[in-house]
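Worksheet: the structure to be examined is printed underneath.
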2 protein chains.
Amino acid sequence: MKRIADSTVRRLSVYLRFLEGSSQRGLTTVSSAELARHGGTTSAQVRKDLSFFGSFGKRGLGYSVPELTNSIRDILGLGREWNVVIVGAGKIGTALAQYDGFRPRGFHVVAVYDTDSGKVGTRWDGIVVRDFSQVARDLASQPIDIAVLAVPAEGAQDAVRRLVDAGVKAILNFAPVQLKVPPDVAVRSVNMAMELEGLSYELSSRAR
Amino acid sequence: MKRIADSTVRRLSVYLRFLEGSSQRGLTTVSSAELARHGGTTSAQVRKDLSFFGSFGKRGLGYSVPELTNSIRDILGLGREWNVVIVGAGKIGTALAQYDGFRPRGFHVVAVYDTDSGKVGTRWDGIVVRDFSQVARDLASQPIDIAVLAVPAEGAQDAVRRLVDAGVKAILNFAPVQLKVPPDVAVRSVNMAMELEGLSYELSSRAR
DNA sequence: TGGGGCTTGTGAAAGTATTCACAAAGTAGG
DNA sequence: CCTACTTTGTGAATACTTTCACAAGCCCCA
């Protein structure tokens, strides 16, 4: 199967969110033009994105909201629960652990880890902070799908090594470093400093 | 001046971080190949990225660490302080307000806003939470450069409208919605649900 | 001072992604 | 059932990004 561009997958997420809203507002069909308007793209782009995965619409009418919702969920692999652990119980880690945008989309936070023995054992929202040195043992008995990395830059690569050794195949990285992982491990990075620098660049280059 | 690709600006951020590390480790020059290795790209890409802005290296030798550091700082507009406000004193907003990765890079958090009167008046780290309805008045006396939006999805577009009316020209959006803004306002979005869905997609498509 | 060995800077080529534009297929209303 | 209208799905065209490949420039050492 042909490799799908990252940008396409991101847009599918956006379409999905709009479809969920449409469903709540009682709409039964949407056109590619409506999806485009709310997704900040063009109708041709919407149709092309969907066409990589099949043909979901009815000519002259558009797309059935519930059907397209299910199709995109399926494409994105959201038809199941994913077990997630958060590594790092600092400010960002705890904010993420308590964030409740994950649960409804099938991402289940099963544990939070830290190396600081002062934090180990405390609990938030029913999730106990566990000792990161236990991670390999824990994952052997309860496998997880995704690790969210919220540790300081210095410790990030080392934490990744241990997670990968323990069999983790997907990492969402919040540490401001470029992680090195084997090719069979998927990584996405969220880097706030980088985003702010992007805005700084835009503001500056406009002034010129 | 030709429009520079987003991907190029992001890579400049990565190069900058590596250069700062190199400087601390006492290196005086780096080659495009070294920058590439740590930035997860190729040496040709590094040279091409830099070539959009000028010619910074010495053939046969590489790039002077301090000189290239300064040049990239300049390009990214980091030669000055940027005033930042955080909108939304929920979990993510407070985590961001206390996060100290911004300060050293010239991003100065001058205020946190919320609409919840129970939160207004409390303070973290010396930053008082202010009433969001004051924002237009505040910005008239102390202009800010960047607003970080950390409010729930429902309130996001409305908060943006008010920020834009108050003259904000750059927004870093953490709400899981596609914001609509005038063309002279720069927006970057960080959407954790979308990133997790991207990982979900990759994990699923590999299994197939 | 001259030659060998590196590394940059950059056009040209290759590879990706987006937009265009239109036939095909459906709806709706008489 | 037929005609007018709408919207999809998709090759082809365009635009954008990355990679290739090599001349030009600089350092170092003999």
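So that the names make sense, note that chain A is the first sequence line, chain B the second, and so on, each numbered from 1.
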Nucleotide [N], atom [atom2] - distance to [atom1] of [X] in whole Å:
X	N	atom1	atom2	result
Arg37(A)	dT7(D)	CZ	P	11 Å
Leu61(A)	dC5(D)	CG	C1'	13 Å
Lys58(B)	dC28(D)	NZ	C1'	15 Å
Glu34(B)	dC6(C)	CD	C1'	13 Å
Phe53(A)	dG9(D)	CZ	P	14 Å
Arg10(B)	dT17(D)	CZ	C1'	15 Å
Phe56(A)	dT8(D)	CZ	P	14 Å
Tyr15(B)	dT8(C)	OH	P	12 Å

Tell me which nucleotide among [options] gets nearest to the side chain of [X].
X	options	result
Ser7(B)	dT17(D), dG11(C), dT8(D)	dT17(D)
Ser55(A)	dT8(C), dG9(D), dA21(D)	dG9(D)
Lys48(B)	dT7(C), dT27(C), dG11(C)	dG11(C)

[X] side chain near [N] phosphate (N/O to OP1/OP2, under 4.0 Å):
X	N	result
Gln45(A)	dT19(C)	yes
Tyr63(B)	dG9(C)	yes
Ser32(A)	dT8(D)	yes
Arg47(A)	dC22(C)	no
Ser51(B)	dT8(C)	no

- Classify the nucleic acid contact of Ser43(B) as base, sugar-phosphate or nothing, counting any heavy atom under 4.0 Å across all strands shown. nothing

- Message: Regarding Arg11(B), tell me which of base, sugar-phosphate or nothing describes its non-hydrogen contacts under 4.0 Å with the strands shown.
- Response: sugar-phosphate

- Item | Under 3.5 Å donor-acceptor, Glu67(B) side chain and Ser64(B) backbone | no

- Could one point to a donor on the side chain of Arg59(A) or the base of dT8(D) with an acceptor on the other under 3.5 Å away? yes

- Note on the structure: Heavy-atom nearest nucleotide on DNA chain C taken for Gly60(A) and for Asp49(A); more 5' hit belongs to Asp49(A)

- Message: Checking Ser189(B) against Asn191(B): is there a side-chain donor and acceptor pair closer than 3.5 Å?
- Response: no

- Query: Do we see a donor-acceptor contact under 3.5 Å between the side chains of Gln45(A) and Asp49(A)?
  - Reply: yes

- Task: In plain terms, say whether Glu197(A) and Arg73(B) are close enough for a salt bridge, that is, a side-chain N and a carboxylate O under 4.0 Å apart.
- Result: no

- Flag the pair Asp165(A) and Arg162(A) as a salt bridge only when some basic side-chain nitrogen lies within less than 4.0 angstrom of an acidic carboxylate oxygen. no

